[in-house]
Amino acid sequence: MEASSESLNQRVSRCLLWEKVKEGHVHLITAEDIEELFHAFEVYDPDLIPTSELVRLCGVDGTHLSAEEIADWIKDSDKNGTGEASIEDVHRGITEGSAAFALVKRALFGEEKEHKITECSIHDLLHWMHYEYDKKSKLWSLPETLFLFAAFVISVVLHLNVWEAFKSSRVYTVALTYGDFALEWAVDRDSLWVWLDEGWLRNVLRHDMISFARDPDPDKDPLYTNPFPGRVLKEHQIVGAVRFRRWYAVGAECMASKMWKDLYPACNMHGEFKPDDWYVFYHEKREVIEQQMEERARNFWLDDHTAFLDIQTLSYNAHQAMFTLGTLRVEFRDAGYMIHREGMKESFVDSPYYNLWFALPDLLFVVLLWNVLYAEMKEAIPAAMNGLDGIKDYLKLWNVIDWITIAFGFTTVSFWMVFVLKVSGELPEVLADLPSVALDLAVFTNRSYLTAEEFDGVVDRLGFETQMSEIFRCAEEVAESHVLARRFIFAYLFMLMIKFFKAFGSNDRLDVVIQTITGSAVDVAHFAIAFALVFICFAGAGILLLGTTVEGYHTIASALYFRWAETVSMTDIEGFEPWLQVLAYFWFFSYLSLMSILMINILVGLIFEAYGRIRSAAGEPETLLEQVGEAVENLKETANFLDMWYLICELEDDDFPAHPAELVTIRSLKKAFSKDRMTKQNAEYLIESASRFAKKEAKRLELSVSDGVRMIGQTRTNVNKLLVLSEQVNAMLKKFHLKHANETSEDWLSMYGAAQQEIQQEAVTKSVEEDDPLAATVRQKHKQEVTQKKVSREELMLHRMRSRFSDMVTMTQEQSKLLDWISRTINERQESIMDKDNWGRQKAVVLTDRCEKIEISIGKLSECLKGVDPSQLRHMPDKLKELARKVHAWQVEDSRPSSRQDHMKMLQNQMDSISLDVAQISAHAKAKADIAQALQHVGSSESPVFTQSWTGFTSFGDGEQS
């Protein structure tokens, strides 16, 4: 049975069909090729073959068809399912079925790479290791980022206390929105003084709400101190005083034309700005404060040089344990009108760590941040050891984002600690000597607020103002550090968001979000260009149309914002003229239809299209819980394996790669990392995983519509080339035919003329022959001679044609021989190059093995020579010779032969042992300094130098003994 199978192999493999299959020339396969295959099977019916016989092709070598392709071929040949196929059916199956399609794909894209479970290429191994490492690092970064985010959010909530800060800042907004004269009514400097008297003074410094007619006994009247002096809305205690700081300009020359220079010699609100402070102490009577306001109004304290007026109040709420620095800014515009805007109202706790448990989430955040730094350093240090190329390979997008996250995290922590140091250390020191207690006691003692003289009698006004200036300076620094910390916290939340995006890449279901963003980025970017240009045109039109009447459109920045917010009301348009209202309506509704409806829907469509494409390509990936379970099992399995990032760095080292060969096997990989004691299980895991991953990545080739169009285009191009070539050959044949046809026609014309003359002569001679028989005989001889000449001419033409044909055949043979010689020479050169390459690789392997042995020998030698001075061994042969001389002298003195022989033999054995040890140690010591000596030492087990010395010494001993 085995002999018949082998004979079938031989018969089938000799068929010419497989050469055409190998080249993918399906169109050249003929019915005769299939008939030859039928004869190779030796079936009884030469026209039909059982499909079970065709299955045996799977065991034949050299068919260049896979088992799947053979199965498709059999299926297409037996459409009716009868189990038999004719020559025509098999021919149709191989030229028109799925197998033909597979052969065409192979001809277009090449054969699919075969993947073995025991070996892989270095490229496939590194590709899988990078994929696996990135996948695992992203997966484990997800819980790490979650814990980091949770600790960060908890710290922010505990320390910033945004809700309480909002309530504290709300106090000043409420205090300024009611009263007999509202702030919105103040339009110039005079009306501002009215608001300060009737609005601000009444709402902030509420002197009239304390009744001093009550019984001062707290047991009978416990509310006699409520509200306390200097309280804003009963709970917010003003610290010291309220500061009015005006910013005035020194004035500069106006940029007006010459005709207006006389009227405007200088612009008062241009130039450098300088501050001027005025402190309002809440302990003074209201009449005193009103008198101070009137005096400053009369003296034009807010003159034409004043550009800004900041009303600053520092207050403290004991219920919230929080300071609030509130600033109201009044701006005097150079256009002549006045506006007010709420400046910085920053609320911050007085002691961020009054409860030590509040430091726990901060410590957890710092520990997690250090853990991220440690993980990045574990990757960065091995990469940096590989030089600049290793650093370039390491600095990928997500690694850069991790470093930015680390830097932002520690920067945020540092700014927060600066705030803590200021609010817990510097601010209390400044507030320690504040004389508010003495002033409050004076108010309650007098049972009324203080006059200017009484106030000056309690404290030094100038010193108090200096102290308040220092307090406001410190409070501004604390508030600015708090604002800066909040801004970094704001930015760090976005960094954590980007780290979440990195973690999403670990799972295919979560990665759909990232892939949708990246997949639609190009289309969205091009769409954004068109959208931005159209949007800017509408915003610019809004500036021209509404900029002079609507505040939101008077600048480019505000116009862009308000146009995006679509904030235009009827009150903004109804004051226009009718034709201008029509223009405004057209501008509004055209923006609504074009931008808000059409272009926004286009943007949504682009994103949904990318999402649908990526979601369908993802298929049904595993869930996050399943992936975490597999990762945990894999972590247990690979617990004792070498670190994968270390392996990647060693394999990618451009100068000294750990595995320079292209093909990686279990044995070669284990040998490459023998110094790290890589186990066989570790090498098997890496090779098998890389091979499976490469096989998974090598997807089955499918022809798309574009590939089909490309095939049709290539076929058309080849057909056109064949047509052009056929036309050229036809033209050459016509030219050749015409060249030789001219010569032949002349010959044939001469022969035709001669034949006509002969016919005429024959007609004449017939009549003469009838009269003269002798003349007929002469004419018959002449006719024979002419016939012989005609035959010789035809033979000459045939001889010429044969010689030319033989010349063409000879030239063709010479050309074929030349082509064979060229191809044979090229093959020989290629084989020579391959042999040299294999020889070089073998030598490199041998050299690598010897270098490893040298390293091992040097390591052992270094262990043996610890604490030994090799220079002391140099004098050992001389000492041995001196010892031999003394022994020889002793032997001469000793007269007993047996005793002398015993001593000599014992000494000889000791000297042999000592000399051998000295030779080995000296050889190792010298080999450590000279690599050539080390190679010689590895090749031979004994140093020739010491062997020669010992031989001489032995001969010397033998001579003495003899």
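Only this structure's heavy atoms are used, side chains among them; waters, hydrogens and symmetry mates stay out.
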Participant: Indicate the atoms forming the closest heavy-atom contact of H482 with S347, along with that distance.
Facilitator: CE1-O, 3.6 Å
Participant: Can you tell me how far apart CD1 (I311) and CG (L192) are? Round to the nearest 0.5 Å.
Facilitator: 6.5 Å
Participant: So for atom CG, which belongs to L363, do other residues, nucleotides or ligands contribute more than 12 heavy atoms lying within a distance under 6.0 Å?
Facilitator: yes
Participant: Taking the side chain from W247 and the backbone from A307, do they hold a donor-acceptor pair closer than 3.5 Å?
Facilitator: no
Participant: Answer whether the closest heavy-atom distance between the side chains of F348 and E346 falls below 4.5 Å.
Facilitator: yes
Participant: Does any non-hydrogen side-chain atom of W193 lie less than 4.5 Å from one of M293?
Facilitator: yes
Participant: When the ring centroid of F365 is compared with that of Y492, is the distance short of 6.0 Å?
Facilitator: yes
Participant: Show your working on side chain to side chain contact (heavy atoms under 4.5 Å, CB included) between L314 and I238 and close with a plain yes or no.
Facilitator: CA-CA 6 Å; L314 177 63; I238 297 175; over 6 Å; no
Participant: Nearest 0.5 Å, please: how far is CD1 in I498 from CG in L493?
Facilitator: 11.5 Å
Participant: For Y248 and E272, what are the C-alpha separation, side-chain angles and deciding distance, and is it a side chain to side chain donor-acceptor pair (under 3.5 Å)?
Facilitator: CA-CA 8 Å; Y248 64 94; E272 182 183 359; over 6 Å; no
Participant: Tell me the closest heavy-atom pair linking T324 and S168, and the distance in Å.
Facilitator: OG1-CB, 3.4 Å
Participant: Measure across P352 and V423 and return the closest heavy-atom pair with its distance rounded to 0.1 Å.
Facilitator: CD-CG1, 3.8 Å
Participant: Would you kindly say whether E144 and N371 are connected by a side-chain donor-acceptor distance under 3.5 Å?
Facilitator: yes
Participant: What are the two closest heavy atoms between L369 and F410, and how far apart are they?
Facilitator: CD2-N, 3.6 Å
Participant: Ignoring hydrogens, what is the shortest heavy-atom contact between K396 and D134? Give both atom names and the distance.
Facilitator: NZ-OD2, 4.3 Å
Participant: Tell me whether M377 at atom CE has more than 12 heavy atoms from other residues, nucleotides or ligands lying less than 6.0 Å away.
Facilitator: no
Participant: Do Q237 and S315 have side chains that approach each other closer than 4.5 Å (heavy atoms only, starting at C-beta)?
Facilitator: no
Participant: With rounding to the nearest 0.5 Å, note down the distance linking CG in L368 to CZ in F147.
Facilitator: 8.0 Å
Participant: Are K285 and L450 close enough that some pair of their side-chain heavy atoms sits under 4.5 Å apart?
Facilitator: no
Participant: Once you round to the nearest 0.5 Å, how far does CD1 of I401 lie from NZ of K499?
Facilitator: 9.0 Å
Participant: Using the side chain to side chain donor-acceptor pair (under 3.5 Å) rule, take D402 and T405 through it: C-alpha gap first, then chi angles, then the decisive distance, then the call.
Facilitator: CA-CA 5 Å; D402 286 338; T405 304; 5.1 Å; no
Participant: Assess the residue pair E429 and K422 against the criterion (salt bridge (charged side-chain N to carboxylate O under 4.0 Å, His left out)); give the C-alpha distance rounded to whole Å, side-chain angles, the decisive distance to 0.1 Å, and a yes or no.
Facilitator: CA-CA 10 Å; E429 292 179 359; K422 284 183 175 293; over 6 Å; no
Participant: Where do F332 and F308 land on the ring pair (Phe, Tyr, Trp, His ring centres under 6.0 Å) test, with the steps shown first?
Facilitator: CA-CA 6 Å; F332 302 94; F308 308 104; 8.6 Å; no
Participant: In Å, rounded to the nearest 0.5 Å, how long is the span from CZ of F281 to CZ of F455?
Facilitator: 4.5 Å
Participant: Walk me through it: do L158 and W357 pass the test side chain to side chain contact (heavy atoms under 4.5 Å, CB included)?
Facilitator: CA-CA 10 Å; L158 290 178; W357 287 104; over 6 Å; no
Participant: Please check: side-chain N/O of N399 versus main-chain N/O of Y394, any donor-acceptor pairing under 3.5 Å?
Facilitator: yes
Participant: Identify the residue among E453, E454, E284 that makes a salt bridge (charged side-chain N to carboxylate O under 4.0 Å, His left out) with R461.
Facilitator: E284
Participant: Of R329, R245, E476, which is the lone residue that meets side-chain hydrogen bond (donor to acceptor under 3.5 Å, both in side chains) with Q312?
Facilitator: E476
Participant: Passes side chain to side chain contact (heavy atoms under 4.5 Å, CB included), V349 versus L160? Steps please.
Facilitator: CA-CA 8 Å; V349 295; L160 294 186; over 6 Å; no
Participant: Pick one: which of D277, V430, L325, T313 meets side-chain contact (heavy atoms from CB on, under 4.5 Å) with F472?
Facilitator: L325
Participant: Side chains of residues 295-302: which donor-acceptor partners sit under 3.5 Å, not counting sequence neighbours?
Facilitator:
unit_1: N299; atom_1: ND2; unit_2: E295; atom_2: O; d: 3.1
unit_1: W301; atom_1: NE1; unit_2: D276; atom_2: OD2; d: 2.9

Participant: Could you tell me whether the side chain of R333 reaches within less than 4.5 Å of the side chain of M338, counting heavy atoms only?
Facilitator: no
Participant: Any side-chain heavy-atom pair from K167 and Q320 closer than 4.5 angstrom?
Facilitator: yes
Participant: Validate the cation-pi geometry between R286 and Y449: distance from NZ or CZ to the six-membered ring centre under 6.0 Å, angle to the ring axis within 45°.
Facilitator: no
Participant: Assert yes or no for the condition that the ring centre distance of F323 to Y316 is strictly below 6.0 Å.
Facilitator: yes
Participant: Under a 3.5 Å cutoff, is there a donor and acceptor pairing between the side chains of Y279 and Q292?
Facilitator: no
Participant: Around atom CD of E470, are there more than 12 heavy atoms from other residues, nucleotides or ligands closer than 6.0 Å?
Facilitator: yes
Participant: Distance-only, no hydrogens or angles: does the E376 side chain make a donor-acceptor pair with backbone N or O of L373 under 3.5 Å?
Facilitator: no
Participant: Does the side chain of W185 reach to within under 4.5 Å of the side chain of V194, using non-hydrogen atoms?
Facilitator: no
Participant: Can you tell me how far CD1 of I514 sits from CZ of F500, rounded to the nearest 0.5 angstrom?
Facilitator: 12.0 Å
Participant: Would you check if there is a donor-acceptor pair between the side chains of D188 and S191 at a distance under 3.5 Å?
Facilitator: yes
Participant: Can any side-chain N or O of S481 pair as donor or acceptor with the backbone N or O of V478 at less than 3.5 Å?
Facilitator: yes
Participant: Using only atom types and a distance under 3.5 Å, with no angle test, would you say the side chain of N317 pairs donor to acceptor with the backbone of H319?
Facilitator: yes
Participant: Per the side-chain hydrogen bond (donor to acceptor under 3.5 Å, both in side chains) rule, what does the pair list look like for residues 408-419, sequence neighbours excluded?
Facilitator: Y353-W416
Participant: Which atom names give the shortest non-hydrogen contact between G326 and K345, and what distance separates them?
Facilitator: CA-CG, 3.9 Å
Participant: Does L201 reach the side chain of I289, with side-chain heavy atoms less than 4.5 Å apart?
Facilitator: yes
Participant: Go through V250 and H305 one step at a time and tell me if the side chain to side chain contact (heavy atoms under 4.5 Å, CB included) criterion holds.
Facilitator: CA-CA 7 Å; V250 296; H305 291 269; over 6 Å; no
Participant: For the side chain of N355 and the backbone of F358, is there at least one donor-acceptor N/O pair under 3.5 Å apart?
Facilitator: no
Participant: Report yes or no: do D310 and T327 form a side-chain donor-acceptor pair below 3.5 Å?
Facilitator: no
